[in-house]
Number of protein chains: 2
Amino acid sequence: MPYRRTPRVEARLSASRERVLAAALAIVAEHGYAGCSVAGVARRAGMATGSVYRHFPSKADLVAEVFRTASQREVDAVARAASLERTAAEGIAAVIETFTGRALRAPRMAYALLAEPVDPAVDAERLVFRRAYAEAIARLIARGVATGELPGQDIEVSAAALVGAIGEALVGPLAASASAAAEAPSGLPHDAIPNLITFAQRSLGAVT
Amino acid sequence: MPYRRTPRVEARLSASRERVLAAALAIVAEHGYAGCSVAGVARRAGMATGSVYRHFPSKADLVAEVFRTASQREVDAVARAASLERTAAEGIAAVIETFTGRALRAPRMAYALLAEPVDPAVDAERLVFRRAYAEAIARLIARGVATGELPGQDIEVSAAALVGAIGEALVGPLAASASAAAEAPSGLPHDAIPNLITFAQRSLGAVT
DNA sequence: ACAAGAATTGAACCGCAGTTCAGTTCTTTA
DNA sequence: TAAAGAACTGAACTGCGGTTCAATTCTTGT
């Protein structure tokens, strides 16, 4: 019985899979889902179109995994920033600064994660993504309520609402700079971020 | 010179246009954009596929107008509800009740307006839609600040953030009930709406 | 009634990107 | 080195729905 899958091959296969994923991620980061075709991903990964299907059963699966990877990265960054702060008020400020800072530095990717049209299979991942944010914020709020810094409230509702509030403040500007080819990212008014922070702190009942 | 466009024909033409629009609106309300094909619209409007193109240069134009019509209706309902209330606190409560009430009564349409994937041409309309909401809420906040009921704040940021907050609280449940064929609309937890109202009022600095 | 021209029809067309697959190349074991 | 079988290739296939257009049916003014 010649040929049994050896560790060497296994390693090369999983390296190939990673290359596909990385290529797709890079393309989405640069051109969004709109610019992400299977042929393009394959070219960038240095392989034939058909080979992509050795690693992913369909484009939807590939894109969903791209989405998961990218969003996990974002959520981790935000959750980490929140956990470094002492009070809930400082925590929420750190969340907003981290979130908006990263989004403005990579507007095409942020638009892809937040709002770009995708097929329904991937849209489901978007809900997971938003939910993960909401959970990170919920932990923050729960801490604040426990220490008495924040008044009692429906933590799930507050967290979801804040996710929406933060996202919404960015979607307009991001959509604008995502359609415009390549431009200075910040179409955001000057004081928008500090004002958003104030809004968020007040919405949680933090006394500043 | 025989045949000059007579009022009679003109009337029939614009009636046809309306039939197309109404058919498309009905289909979107029932099955979302996903279920809205040109052939389907034509069938429902009682005409041939090609005739749709006598009234709209492309599907994107048709869908954009459907979107505009439907969203105008929603914005008007919310703005009207807000204007009937005396205080900003009551106004924002009315906005949330109206918005969520209508959305839960027509979840497929709400999902189509808020979150369903569409082609970029139509996505631009979505920004207009959200902006219109934000303007209605901004007026409400401005009134409250003017009367001293609300503290000074960045009205645009507060309004955009609230639009996001309200939308986000609904997107999860709506996405769930939009994919499930036809089910009882409310996947919303019991107290979510009053709690969202409390959140919104606190976020504006209303003393309740 | 008739000619001129518009509106309507619906089947055929088309473009596109995801997917497939027969042929080729590479890897492994004996 | 040879045979067995996997991995890889990329051109061809496919399905779908928006769009078109030659043929037909209506409408209008003389």
Side-chain angles (χ1 to χ4, degrees), chain A residues 1-21 23-24 27-28 31-67 116-123, chain B residues 1-21 23-24 27-28 31-67 116-123:
Chain A
M1 58 183 83
Y3 199 102
R4 257 176 53 186
R5 210 187 246 186
T6 203
R8 180 181 178 66
V9 174
E10 202 120 310
R12 196 159 47 72
L13 284 182
S14 91
S16 275
R17 192 177 193 282
E18 282 311 305
R19 281 219 318 288
V20 172
L21 212 51
I27 290 176
V28 170
H31 309 290
Y33 298 118
C36 183
S37 68
V38 175
V41 169
R43 195 175 336 115
R44 183 143 183 169
M47 65 181 69
T49 310
S51 300
V52 170
Y53 288 83
R54 288 275 136 194
H55 305 292
F56 298 90
S58 76
K59 185 192 181 181
D61 287 83
L62 165 59
V63 172
E65 186 154 340
V66 166
F67 192 99
E116 187 176 358
V118 283
D119 75 306
V122 180
D123 224 40
Chain B
M1 57 183 83
Y3 199 102
R4 257 175 54 186
R5 210 186 246 186
T6 202
R8 179 182 180 65
V9 173
E10 202 119 309
R12 197 156 47 72
L13 284 183
S14 91
S16 275
R17 193 176 193 283
E18 284 309 306
R19 281 219 318 286
V20 172
L21 212 52
I27 290 176
V28 170
H31 310 291
Y33 299 117
C36 183
S37 68
V38 175
V41 170
R43 194 174 338 113
R44 183 143 182 168
M47 64 182 67
T49 310
S51 301
V52 170
Y53 288 84
R54 288 275 134 192
H55 305 292
F56 299 90
S58 76
K59 186 192 180 181
D61 288 84
L62 166 59
V63 172
E65 187 155 340
V66 166
F67 192 98
E116 187 175 358
V118 283
D119 75 306
V122 180
D123 224 38

Listed nucleotide nearest any side-chain atom of [X], set [options]:
X: B:Lys59; options: D:dC8, D:dG18, C:dG18; result: D:dG18
X: A:Arg8; options: D:dG18, C:dT28, C:dT8; result: C:dT28
X: A:Val9; options: D:dG18, C:dT8, C:dT28; result: C:dT28
X: A:His55; options: C:dT8, D:dT19, D:dC8; result: D:dC8

Could you tell me how far apart [X] ([atom1]) and [N] ([atom2]) are, to the nearest whole angstrom?
X: A:Arg54; N: C:dC21; atom1: CZ; atom2: P; value: 12 Å
X: A:Tyr53; N: D:dA11; atom1: OH; atom2: P; value: 16 Å
X: A:Glu10; N: D:dA6; atom1: CD; atom2: P; value: 14 Å
X: B:Arg43; N: C:dT8; atom1: CZ; atom2: C1'; value: 18 Å
X: B:Phe56; N: D:dG18; atom1: CZ; atom2: P; value: 15 Å
X: A:Leu13; N: D:dA6; atom1: CG; atom2: C1'; value: 9 Å
X: B:Arg17; N: C:dT8; atom1: CZ; atom2: P; value: 13 Å

Practice task
For DNA chain C, find the residues of residues 44-51 of chain B with a heavy-atom distance under 4.0 Å and give them by number; none if there aren't any.
Solution key: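 Nucleic-acid contacts, sorted: B:Met47, B:Ala48, B:Thr49, B:Gly50, B:Ser51.
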Practice task
Evaluate the side-chain contact (heavy atoms from CB on, under 4.5 Å) criterion for residues B:Phe67 and B:Val28: first the C-alpha distance (whole Å), next the side-chain angles of each, then the deciding distance (0.1 Å), finally the verdict.
Solution key: CA-CA 9 Å; B:Phe67 192 98; B:Val28 170; over 6 Å; no
Practice task
For the helix from C:dA1-D:dT30 to C:dA30-D:dT1, figure out the bend between the end axes, five pairs an end, and round to 10 degrees.
Solution key: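 Overall, the helix from C:dA1-D:dT30 to C:dA30-D:dT1 bends by 0° from one end axis to the other.
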For [X] and [Y], work out which heavy atoms get closest and say how close.
X: A:Ala60; Y: A:Ala121; result: CB-CB, 4.2 Å
X: A:Phe56; Y: A:Arg17; result: CE2-NH2, 3.4 Å
X: B:Val41; Y: B:Ala23; result: O-CB, 3.7 Å
X: B:Ser16; Y: B:Met47; result: O-CE, 4.0 Å
X: B:Ile27; Y: B:Gly35; result: CG2-O, 3.2 Å

Practice task
Please state whether the phosphate of D:dC8, meaning OP1 or OP2, lies under 4.0 angstrom from any side-chain nitrogen or oxygen of A:Arg12.
Solution key: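 Yes, such a contact exists.
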Fill in the blank from the handout: Rounding to 0.5 Å, atoms NE2 (A:His55) and CG (A:Leu13) come to a distance of 6.0 Å
Exercise for the section: Could you grab the distance from atom SG of B:Cys36 to atom CZ of B:Arg44, nearest 0.5 Å is fine? Expected result: 10.0 Å
Practice task
Please say which of B:Val20, B:Leu21, B:Asp61, B:Val122 ends up in a side-chain contact (heavy atoms from CB on, under 4.5 Å) with B:Val66.
Solution key: B:Leu21
